Structures are given as C-alpha cells and as structure tokens.
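Below you'll find the structure, written out as structure tokens, and then a few comments.
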Amino acid sequence: MASAPSRLAALTRLRSVIFQTSYNPTSQRTGAKYLKRRLRGPSMMDYYPQQLSISAINKEFGLDLIDEDEEQRLQDVADKKKRGKGAPKKAKSAADSRRAQRKR
C-alpha cells in the first residue's frame with residue numbers, strides 16, 4: 001500500500017508536534033543534539049575548589065595581610081623598570097602608537 005508523499009509529510013509534521021521534536025523534512029544538520037545536552041560549565045566549576053588568595057581574604061574581611069609573593073613580584077617589576085627592561089608605556093592615542101610611527 002503506497003501512500004501519497006504529501007500525506008507522509010503531513011504525518012511526519014503531526015508526529016513532530018505530538019512528540020515535541022523538531023520538524024526537519026530536508027534532514028539538514030541543526031545541532032539539536034548538542035543544544036539538548038546538559039551544560040558542562042556548572043559541573044566543572046563544582047569540581048574545582050575555589051582559589052583562596054590573600055587579596056581576596058583582605059577584601060572579604062577587611063584585614064591588612066601582606067602577600068609576600070605579590071610584594072616580591074612588584075619589587076621585581078620595579079627593578080626591571082629601573083634597568084629599562086619594563087613594559088612599554090601604553091599609547092594615549094592612535095598617533096602615539098608604534099605602528100603609526102612606523103608608517104610615517
């Protein structure tokens with residue numbers, strides 16, 4: 001028993017409405033499988049413990065603890081800057097940038 005193609009299309013449309021699936025008569029790739037999946041982010045965030053830092057503790061409780069590693073880092077940056085090895089200054093405008101100077 002052969003059915004008309006229009007009746008089969010109507011049947012698949014009705015089936016998608018009943019079972020709450022997407023109607024895709026041309027079988028194009030939609031990514032619905034990946035969109036239906038559970039998100040990974042929240043479970044990954046729960047897996048790793050929160051990082052505690054001295055600066056976070058200072059902000060939370062209003063303490064004045066000293067982070068020795070951060071102090072050492074700031075001292076190293078200052079020493080490099082004295083020797084001329086520090087980061088270059090940021091350009092205030094497009095004309096101040098090194099690219100603009102190179103094009104001239």
Side-chain angles (χ1 to χ4, degrees):
M1 176 174 142
S3 298
S6 63
R7 290 187 51 98
L8 286 175
L11 179 65
T12 56
R13 186 179 292 117
L14 182 64
R15 180 175 27 182
S16 68
V17 170
I18 291 171
F19 294 111
Q20 295 177 348
T21 58
S22 59
Y23 178 65
N24 190 5
T26 58
S27 299
Q28 284 190 332
R29 298 173 73 161
T30 61
K33 177 169 87 172
Y34 301 103
L35 293 172
K36 277 192 266 180
R37 259 201 236 162
R38 211 168 46 90
L39 295 176
R40 290 183 181 176
S43 58
M44 288 177 98
M45 293 301 291
D46 292 341
Y47 181 79
Y48 294 104
Q50 283 188 340
Q51 294 281 334
L52 288 179
S53 66
I54 294 179
S55 62
I57 294 171
N58 284 342
K59 285 180 187 175
E60 180 89 21
F61 300 108
L63 301 175
D64 196 24
L65 300 175
I66 297 171
D67 187 0
E68 292 181 12
D69 293 333
E70 181 67 12
E71 293 291 325
Q72 182 65 43
R73 187 188 72 81
L74 292 174
Q75 183 64 39
D76 292 344
V77 169
D79 291 343
K80 281 185 180 180
K81 207 169 214 180
K82 278 183 189 175
R83 289 184 284 147
K85 303 289 185 181
K89 292 182 180 177
K90 290 187 177 180
K92 300 264 191 240
S93 65
D96 295 341
S97 70
R98 292 184 63 205
R99 278 189 180 172
Q101 289 176 357
R102 210 182 304 168
K103 287 183 182 178
R104 290 182 195 168

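Here the structure is a predicted model, which is why all the values come from computation and not from measurement.
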> Remaining members of F19's ILVMFWY cluster at a side-chain heavy-atom cut-off under 4.5 Å?
Replying inline: L14, I18

> Can you list the residues that meet the side-chain contact (heavy atoms from CB on, under 4.5 Å) rule with I57, with sequence neighbours excluded?
Replying inline: F61, L63, L65

>> The criterion is side chain to side chain donor-acceptor pair (under 3.5 Å); which residues satisfy it with Q72, sequence neighbours excluded?
In response: D76

>> Starting from Y48 and following side-chain heavy-atom contacts under 4.5 Å between hydrophobic residues (I, L, V, M, F, W, Y), which residues can be reached?
In response: Y47

> Got a sec, which residues hit side-chain contact (heavy atoms from CB on, under 4.5 Å) with R29, two or more places apart in sequence or on another chain?
Replying inline: none

> Mind checking what makes side-chain contact (heavy atoms from CB on, under 4.5 Å) contact with R40, not counting sequence neighbours?
Replying inline: R37, M44

> Hey, what do you get for CG (L8) to CZ (R15), rounding to the nearest 0.5 Å?
Replying inline: 9.0 Å

>> Which residues pass the side chain to side chain donor-acceptor pair (under 3.5 Å) test with Q75, not counting sequence neighbours?
In response: D79

> Nearest 0.5 Å, what's the OG-CD distance between S22 and Q28?
Replying inline: 11.5 Å

>> Check whether T30 reaches the backbone of A32 with its side chain - one donor and one acceptor, N or O, closer than 3.5 Å.
In response: yes

> Partners of K92 by side-chain contact (heavy atoms from CB on, under 4.5 Å), sequence neighbours excluded?
Replying inline: D96

> Of the non-hydrogen atoms in A9 and Y23, which two are nearest, and what is the gap between them?
Replying inline: O-OH, 3.8 Å

>> By the side-chain hydrogen bond (donor to acceptor under 3.5 Å, both in side chains) test, which pairs, at least two apart or in different chains, include something from residues 52-67?
In response: S53-S55

> Who pairs with R73 by side chain to side chain donor-acceptor pair (under 3.5 Å), at least two apart in sequence or on another chain?
Replying inline: E70

